[in-house]
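Please read the structure below before turning to the comments.
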2 protein chains.
Amino acid sequence: MKLINKNTDYAVQAIYYIAQKSPDIVSTVEVEEKLGLPRPFIRKILQILTKAEILSSSKGNKGGFTISRPLSDIYLLDLMQLFQGRIAFTDCSFQKKVCPNAGHCPLRRRIKTIEETVINELKGVTLKELLN
Amino acid sequence: MKLINKNTDYAVQAIYYIAQKSPDIVSTVEVEEKLGLPRPFIRKILQILTKAEILSSSKGNKGGFTISRPLSDIYLLDLMQLFQGRIAFTDCSFQKKVCPNAGHCPLRRRIKTIEETVINELKGVTLKELLN
DNA sequence: GACAAATGATACTAAAGTGGTATCCTTAGG
DNA sequence: CCTAAGGATACCACTTTAGTATCATTTGTC
Ligand code: FES
Ligand code: FES
């Protein structure tokens, strides 16, 4: 069970690399060569980051990507939600038909608490902090 | 991203039912009929629980399962590990070749902290507490 | 303006994980 | 010895995650 998947993982690396080169424009090819990640895959990730306005892109010849905000304004949690969807540990462990006590179920409460703890832990983590 | 999968879920329900009937011997068929879970699937789960010495089984005619310890001695975390493997959120977010700082990496430390928090939260949860 | 080098959009394929099924073997009470 | 149970194991289906391919569009350079 992974908390962080490969998309998020690669995204962090790519952002880090592009931020380092700022204000230079960095092409997909460069990211692929420097980081050794599969090209079409990293392209898709860069596109998503651009849509999320974490990167800016310029098309055409000599085009590429630049970072559009400081690392201290990019939150790990946002990346995770972007690439992995909402962080939810469980809805109801019991199946609908069986579940006796949807309202005040201790399991549900427990899991929910844990989920909230994790999200709170993650909330403060920016890429800046993460990567020194 | 689920913290609890169906195996664990079904296991909790089955244990609860069998504990309720204790000291009667309960057959797979009965569990299946009462809880409405698919028979071959629940059979596999009961087998695993037996191997883990949470249930005891008697073979042959009129055989079946009984609970082998009180609900207060069965930990949710143990069930999760039994059916879902080790709870590990991530090993190294970066791939081996790229990872610059395996030793004192803040990401790793963060995620590890979160993982430990979750495990600690879960550690205290017994089935007894869970099911009143 | 044509060309080339870049991103945008989108659809597809492959691999892994999860959920579920089927079959045959072994045991033991009646 | 027959039958009703569990033990072991192998298989299949579905979903999610990871990765690939293709074509269209944009834009700097000559
Ligand atoms: S049993 Fe359904 S919400 Fe807990
Ligand atoms: S980057 Fe490898 S352990 Fe953190």
Side-chain angles (χ1 to χ4, degrees), chain A residues 1-11 13-14 18 24-33 35-68 79-80 82-88 90 93-95, chain B residues 1-11 13-14 18 24-33 35-68 80 82-88 90 93 95:
Chain A
M1 185 190 44
K2 276 178 302 187
L3 193 61
I4 299 214
N5 72 9
K6 292 234 181 156
N7 279 305
T8 308
D9 183 340
Y10 291 164
Q13 297 181 62
I18 292 169
D24 288 5
I25 288 183
V26 180
S27 72
T28 307
V29 181
E30 185 176 346
V31 174
E32 183 234 339
E33 281 171 356
L35 298 185
L37 306 179
R39 194 180 314 187
F41 194 35
I42 197 74
R43 268 190 73 189
K44 199 160 61 175
I45 290 169
L46 294 179
Q47 282 184 17
I48 292 170
L49 289 172
T50 302
K51 266 191 193 156
E53 302 185 338
I54 290 166
L55 301 178
S56 328
S57 68
S58 42
K59 298 173 78 174
N61 196 349
K62 301 284 178 195
F65 300 88
T66 52
I67 193 112
S68 63
L79 295 181
M80 289 174 66
L82 200 55
F83 290 105
Q84 310 177 198
R86 200 174 72 87
I87 309 249
T90 192
S93 147
F94 291 82
Q95 300 327 104
Chain B
M1 187 188 46
K2 276 179 303 186
L3 194 61
I4 300 215
N5 72 10
K6 291 233 181 154
N7 278 304
T8 307
D9 184 338
Y10 291 163
Q13 295 181 64
I18 292 170
D24 286 4
I25 288 183
V26 180
S27 71
T28 307
V29 181
E30 184 176 345
V31 173
E32 183 234 339
E33 281 172 356
L35 298 185
L37 307 178
R39 193 179 317 187
F41 194 37
I42 196 75
R43 267 189 73 189
K44 198 160 60 175
I45 290 169
L46 294 179
Q47 282 184 18
I48 291 170
L49 290 173
T50 302
K51 266 191 194 157
E53 301 187 338
I54 290 165
L55 301 179
S56 326
S57 68
S58 42
K59 298 173 80 175
N61 196 348
K62 301 285 179 194
F65 299 88
T66 53
I67 193 115
S68 63
M80 289 173 66
L82 200 54
F83 290 104
Q84 309 176 201
R86 201 173 72 86
I87 309 247
T90 191
S93 147
Q95 300 327 103

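The model shown is predicted, which means the values in this text are computed figures rather than measured ones. Naming: A, B, ... by sequence-line order, numbering from 1 per chain.
- Comparing atom distances between the A/Lys44 side chain and each of D/dT20, D/dT9, D/dG7 picks out D/dT20 as nearest.
- For A/Lys6, counting side-chain heavy atoms from C-beta on, the closest listed nucleotide (C/dG8, D/dA8, D/dG19) is D/dG19.
- In this structure, CG in B/Leu49 is found 4.0 Å from CZ in B/Phe83, a value given to the nearest 0.5 Å.
- Counting only heavy atoms from C-beta on, B/Phe41 has its side chain closest to C/dG19 among D/dG6, C/dG19, D/dA18.
- What separates CZ of B/Arg39 from C1' of D/dA5 is a distance of 12 Å, to the nearest Å.
- Using a 4.0 Å heavy-atom distance criterion, B/Pro38 is classed as a sugar-phosphate-only contact.
- To the nearest 0.5 Å, the span separating CG on B/Asp24 from CD1 on B/Ile67 amounts to 13.0 Å.
- Atom pair B/Phe83:CZ and C/dG19:C1' shows a separation of 13 Å (rounding to whole Å applied).
- Within the 4.0 angstrom heavy-atom criterion, base atoms lie near A/Arg43.
- For A/Lys59, taking side-chain heavy atoms from C-beta onward, the closest of the listed nucleotides D/dT26, C/dA28, D/dA18 is D/dT26.
- Between B/Asn61 and A/Asn61, the residue whose closest nucleotide on DNA chain C is further toward the 5' end is A/Asn61.
- The separation between B/Lys51 atom NZ and D/dT9 atom P is 7 Å, rounded to whole Å.
- Following rounding to the nearest Å, A/Ile42 (CD1) and D/dT20 (P) show an atom-to-atom distance of 12 Å.
- Residue-level contact check: B/Gly60 touches the bases, meaning some heavy atom is under 4.0 Å from a base atom.
- Between the CZ atom of A/Phe65 and the P atom of C/dG8 there is a distance of 5 Å, given to the nearest Å.
- A/Ser68 places a side-chain N or O within 3.5 Å of a backbone atom of A/Ile54 that can act as its donor or acceptor partner.
- Rounded to whole angstrom, the span from the CG atom of B/Asn7 across to the P atom of C/dG17 amounts to 15 Å.
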